[in-house]
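Worksheet: the structure to be examined is printed underneath.
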Amino acid sequence: MGTTSPDYDFRSIEPRWQKYWHDNRIFRATAPSEKPKYYVLDMFPYPSGAGLHLGHCENYTISDIVARYKRACGYNVLYPIGWDAFGLPTENYAVKTGKHPRDVTRDNVETFRRQLKSIGVSYDFEREINTTDPGYFRWTQWIWLQLFRLGLAYVEEKPVWWCPALGTVLANEEVIDGKSEVGGHPVERRPLRQWVLRITAYADRLLEGLKDLDWPDSTKRMQEAWIGRSEGSEVEFDIQELPGEKLKIFTTRVDTIFGATYMVIAPEHPLVPRLTTDAQRQQVEAYVKAAANKSDLERTDLAKDKTGVFTGSHAINPATGQPIPIWIADYVLISYGTGAIMAVPGHDERDYEFARKFDLPILRVIEPLDGGEPELPFCEPGRMINSGEFTGLTTEEGKARLNAHFAAQGRGRGTVNYKLRDWLFSRQRYWGEPFPIVWVSREDYQAALATAGDAIAVPEQPVTCVIDGVEWYALPMPESALPLELPEVESYQPTGTGESPLAAMTDWLEIWHHPATGEAVPASQPRPGPEWIRGRRETNTMPQWAGSCWYYLRYLDPHNDQQLVDPELLAYWGTPDLYIGGAEHAVLHLLYARFWHKVLHDIGVVPMDEPFKRLFHQGIILGEDGEKMSKSRGNVANPDEVIEQYGTDTLRLYLMFLGPPEAMKPWNPKGIEGVFRFLRGLWREVIDSEGNVSAKVVDGPEQDPETERLLHQTIEKVTADIEHLRLNTVVSQLMILRNQIQKAQTVSRQTIRTFLQLLQPFAPHIANELWTRLGETDDINTAPWPKADPDKLVVEQVKVMVQVNGKVRGQLMVAPDTPEAEVVEMARANERVRAHLDGKTLRKVIYVPGRILNLVVG
RNA sequence: GCCGAGGUGGCGGAAUUGGUAGACGCGCUAGAUUCAGGAUCUAGUGUCCGCAAGGACGUAGGGGUUCGAGUCCCCUCCUCGGCACCA
């Protein structure tokens with residue numbers, strides 16, 4: 001397989017080994033196997049038209065190093081790749097060019113696959129998956145049917161983020177500072193019928209599950225904050241003007257209730273119309289209307305200035321019995337808690353600000369535990385004052401006592417709230433998974449359940465919606481009818497009405513539906529039989545997150561058309577042992593996937609309850625100027641060009657050498673020379689100018705003790721560093737070893753062999769090539785990983801630094817087990833040291849064996 | 001504003017439990033080789049004083065603990081990431 005070229009001709013070496021690996025299926029993962037398994041996974045790439053960038057290269061080099069290393073360590077390694085190919089950019093491109101998104105996707109995938117192969121990653125390409133493949137999204141739809149059956153999917157007409165430029169609705173998470181995350185277009189609120197997934201039902205478990213994960217702390221903290229668990233109390237306030245009606249609020253500081261001097265409800269609160277008195281109606285209506293038109297930006301980020309309007313009504317503070325005014329203000333959010341609060345301006349900054357602005361009374365009902373009258377608002381926990389029978393209790397005691405007190409009255413209880421919202425799970429787009437449901441009338445729904453029998457499973461509470469005054473029922477398709485494929489359409493242009501292009505496909509949309517088989521014929525045709533019912537398909541499609549929520553399971557069994565994954569394969573491979581991808585997915589993808597995984601766990605599909613045990617985020621590669629790479633800045637480095645000039649082994653090695661894998665690091669095009677010289681220098685140590693194995697390489701054991709010791713130190717360091725993903729220092733260590741080899745007169749074949757094994761995960765092409773040229777006959781990719789021999793690591797002499805009063809004054813070479821007294825004598829005999837001891841008394845001696853001797857004098 | 005991570009030569013970055021700060025690489029300087037350029041090789045390269053030996057200073061800034069601090073503690077400044085009226 002090797003060549004006879006005298007030069008380090010990476011342009012011929014690299015493609016040749018890539019072809020060899022492919023033709024001989026070297027990296028195919030097979031199961032079952034006697035070997036222990038190791039599953040390393042990259043985050044699902046979106047095959048964009050732009051192709052691979054350096055960030056991809058860094059990500060995949062890290063995982064490839066781990067995969068190759070683990071293989072050499074004797075593991076059966078599963079290292080797959082696939083395509084998260086539904087989504088907006090492809091559809092937008094299709095809209096622009098008139099090409100079918102399917103064709104755009106296919107072209108992009110081809111580009112990506114070719115580029116991936118050109119960086120030499122050892123994926124098992126036979127397990128490639130694609131979310132847009134009906135054989136794949138059939139199971140995405142299957143999972144959705146389970147969510148539906150479990151009552152975890154529902155439909156709601158609610159104000160959502162509508163982006164006019166993208167012609168679609170966005171999830172909360174896709175809106176950043178009032179602009180779309182993709183493209184930065186302005187967004188507005190608009191009510192639309194939406195599918196929503198009840199992720200909040202899993203809030204507690206998603207929070208709990210974080211504890212045992214080997215994830216970056218920052219990511220765990222972000223998820224924790226996103227879930228935002230908050231313990232507090234719900235309390236119902238009577239309304240003076242509306243006897244019998246209650247206003248329910250949520251507070252985390254029920255101990256401050258004696259200081260509640262007014263109430264605030266969100267502009268969208270359902271009680272607004274009834275609370276509003278005639279005198280206030282004009283003002284209130286104007287305010288509510290204005291709030292509805294405000295963008296998120298205006299309402300939160302920029303306008304910290306409090307606004308609000310008095311409704312004219314009053315609540316009765318249940319603690320004091322006093323009437324307090326009810327205001328409307330948009331600093332209270334309808335989507336959190338109950339959409340209403342009791343305002344305690346003395347002990348809450350926001351309420352304080354509002355009270356000052358509108359001249360509402362401010363009371364002091366909490367004092368610090370150590371007394372005093374701090375400036376208001378005082379928001380720390382403390383001791384209750386001016387609080388009737390509760391005066392004197394601490395915040396903690398007060399909360400418990402008041403919860404019990406209000407519970408006894410039937411007007412309150414302790415409760416928990418989450419910032420986490422249910423997951424908006426629909427897009428008004430073409431290029432996504434269709435929902436496998438049919439909208440039918442109430443009567444047909446009942447009839448269909450009878451007809452279909454066990455073929456379909458529905459939630460206890462039917463999912464319904466009202467379109468143009470007509471009520472519709474969501475009837476699931478039978479699992480046997482999956483996948484529900486996308487119809488061919490003329491145009492992918494968004495309708496702009498909030499409906500997807502699918503809404504224009506009348507024959508696909510309006511159908512006669514058979515509930516038990518899932519068959520359909522266009523409604524324009526005659527009804528095929530009595531059990532067929534009139535239905536309308538769902539025009540929304542699923543968001544891009546859907547396909548990436550469970551793909552790590554499909555790699556275990558990518559071609560199975562009977563089930564999502566064979567349980568035996570699942571038992572063997574399990575979930576990924578290491579998951580590598582960018583920190584930008586810290587909350588969204590990683591939270592959604594955990595949610596789906598827990599649902600799959602609950603219905604017995606997967607035995608483990610978390611998908612990603614160990615997570616690693618690679619850092620971003622910045623441009624030369626230290627700024628984020630972007631076309632507009634003109635600081636983008638193109639991997640193809642680097643590979644053309646230096647080869648992919650050099651690129652891979654340099655990406656690792658740049659700095660810690662998790663750190664943000666600037667790309668420096670000059671530095672790559674050093675890494676290239678390293679590889680070429682290695683080549684020249686092994687191959688002479690005739691193209692033969694260099695005469696410097698000799699048979700037999702290593703003769704040079706210094707080289708031998710360094711070799712074993714290197715084995716030790718490289719192994720430990722790969723395990724901990726400290727890949728930058730691995731490269732340094734290999735350079736140190738090569739420098740030593742270069743200095744030596746001769747080097748043993750065995751030393752070179754081991755060196756190549758250590759290098760192989762990082763620079764596999766040159767390692768394979770030199771290995772072969774050396775005449776090695778076994779496979780470097782699976783040859784057992786070298787082990788450091790502890791006997792070879794021992795040194796006869798160690799360097800001990802001698803300090804006087806903490807300052808280095810000399811050094812000694814001593815045997816490691818030299819007694820302290822002897823070392824001290826040697827130090828005193830040292831001329832330089834003596835100069836600093838003369839005329840002074842030795843007060844203390846600190847000796848760290850083999851490291852340092854500190855003589856304290858005075 | 002809140003939470004978190006970080007600040008080490010001209011540059012990217014190394015530094016077990018506190019124990020030679022600056023490994024490795026880039027760049028730079030000098031020399032060798034070369035018609036030249038490039039490439040390669042050798043030596044040097046934290047700052048300051050000094051011919052040198054040697055010494056002083058030095059890990060954002062200030063204070064502290066310690067025989068000894070890049071590393072531990074307190075304060076300040078700066079950079080980056082996340083959250084941002086969640087009651």
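Letters A, B, ... are given to chains in the order of the sequence lines, protein chains preceding strands, and every chain is numbered from 1. The figures that follow rest on heavy atoms only: side chains count, while hydrogens, waters and symmetry mates do not.
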Pairing nucleotide - U59(B), Watson-Crick or G-U, each distance under 3.5 Å: none
Is C51(B) paired to anything, Watson-Crick or G-U wobble with both distances less than 3.5 Å, and if yes, which nucleotide? none
Write down the partner of G6(B) under the Watson-Crick or G-U wobble criteria, each distance required to be under 3.5 Å. C78(B)
If G1(B) has a Watson-Crick or G-U wobble mate with both distances under 3.5 Å, name it; if not, just say none. C83(B)
Where the side chain of Asp330(A) is defined as all heavy atoms beyond and including C-beta, which of C85(B), G55(B), G27(B) is the nearest nucleotide? C85(B)
Contacts of type side chain to side chain contact (heavy atoms under 4.5 Å, CB included), residue Asp625(A), not counting sequence neighbours: Glu627(A), Arg633(A), Asn635(A)
Which base sits across from A32(B) as a Watson-Crick or G-U pair, both distances under 3.5 Å? U40(B)
U20(B) pairs with which nucleotide, Watson-Crick or G-U wobble, both distances below 3.5 Å? none
Quick test of your reading of the model: are Lys399(A) and Glu231(A) salt-bridged, counting only N-O distances below 4.0 Å? no
Could Arg229(A) and Asp204(A) be called an ion pair, given the rule that one side-chain N must be under 4.0 Å from one carboxylate O? yes
Determine the interatomic distance between C1' on U76(B) and the same-named atom on C24(B); round to the nearest Å. 35 Å
Just N and O in the side chain of Arg677(A): are any of them under 4.0 Å from OP1 or OP2 of G25(B)? no
Do you know the tightest heavy-atom contact between Val264(A) and Ala343(A)? CG2-CB, 4.4 Å
Winner on side-chain proximity to Lys807(A), out of C67(B), A56(B), U20(B), is A56(B)
Who pairs with Trp215(A) by ring-ring contact (aromatic ring centres under 6.0 Å, His included), at least two apart in sequence or on another chain? none
Regarding Arg229(A), tell me which of base, sugar-phosphate or nothing describes its non-hydrogen contacts under 4.0 Å with the strands shown. nothing
Would you call Asp255(A) and Arg253(A) a salt bridge, taking side-chain N to carboxylate O under 4.0 Å as the test? yes
Taking the nucleotide of RNA chain B with the closest heavy atom to each, which residue, Arg832(A) or Asn739(A), is nearer the 5' end? Asn739(A)
Hits for ring-ring contact (aromatic ring centres under 6.0 Å, His included) against Tyr646(A), two or more places apart or cross-chain, chain-then-number order -> Phe676(A)
Look at the rings of Tyr654(A) and Phe657(A) and say which category their plane angle falls in: under 30° parallel, 30 to 60° tilted, over 60° perpendicular. tilted
With C1' as the reference atom in both, quote the distance from U40(B) to G55(B) in angstrom, rounded to an integer. 39 Å
Could you encode protein contacts along nucleotides 10-19 of chain B as a string, one character per nucleotide from 5' to 3', using B for base contact, S for sugar-phosphate-only contact and - for no contact, with a heavy-atom cut-off of under 4.0 Å? --BSSSB--B
Among G55(B), U40(B), A21(B), the one nearest Arg680(A) by side-chain distance: U40(B)
What is the minimum heavy-atom distance between Thr707(A) and Ala744(A), and which atoms define it? OG1-CB, 4.1 Å
On the six-membered ring of Phe354(A), is Lys306(A) placed so that its NZ or CZ lies under 6.0 angstrom from the centre and within 45° of the ring axis? no
Going by purine N1 to pyrimidine N3 plus the second Watson-Crick contact, or the G-U wobble pair, all under 3.5 Å, which nucleotide sits opposite G70(B)? none
I need a per-nucleotide contact map over nucleotides 1-7 of chain B, read 5' to 3'. Cutoff is protein heavy atoms under 4.0 Å; write B for the base, S for backbone only, - otherwise. --SS---
Looking at A87(B), U20(B), C85(B), which one has an atom nearest to any side-chain atom of Val332(A)? A87(B)
Contact class for Lys670(A) (heavy atom, under 4.0 Å): base, sugar-phosphate, or nothing? sugar-phosphate
Under 4.0 Å, counting only non-hydrogen atoms across every strand here, what does His347(A) touch: a base, just sugar-phosphate, or nothing? nothing
Take atom P in G38(B) and the same atom in A30(B), then report the distance between them in whole Å. 14 Å
Nucleotide forming a Watson-Crick or wobble pair with A15(B), both distances under 3.5 Å: none
Conformer about C1'-N of G4(B) - syn within 90° of 0, anti elsewhere: anti
Please enumerate all residues that pass salt bridge (charged side-chain N to carboxylate O under 4.0 Å, His left out) together with Arg843(A), with sequence neighbours excluded. none
Let me know, please, whether Ala225(A) or Val856(A) comes out on the 5' side of the other along RNA chain B by nearest nucleotide. Val856(A)
Would you say A87(B) has OP1 or OP2 under 4.0 Å from some side-chain N or O of Tyr331(A)? no
Please work out if Met222(A) contacts a base, only the sugar-phosphate, or nothing of the nucleic acid, heavy-atom cut-off 4.0 Å. sugar-phosphate
From C-beta outward on Lys844(A), which listed nucleotide comes closest to its side chain: C67(B), C41(B), G27(B)? C67(B)
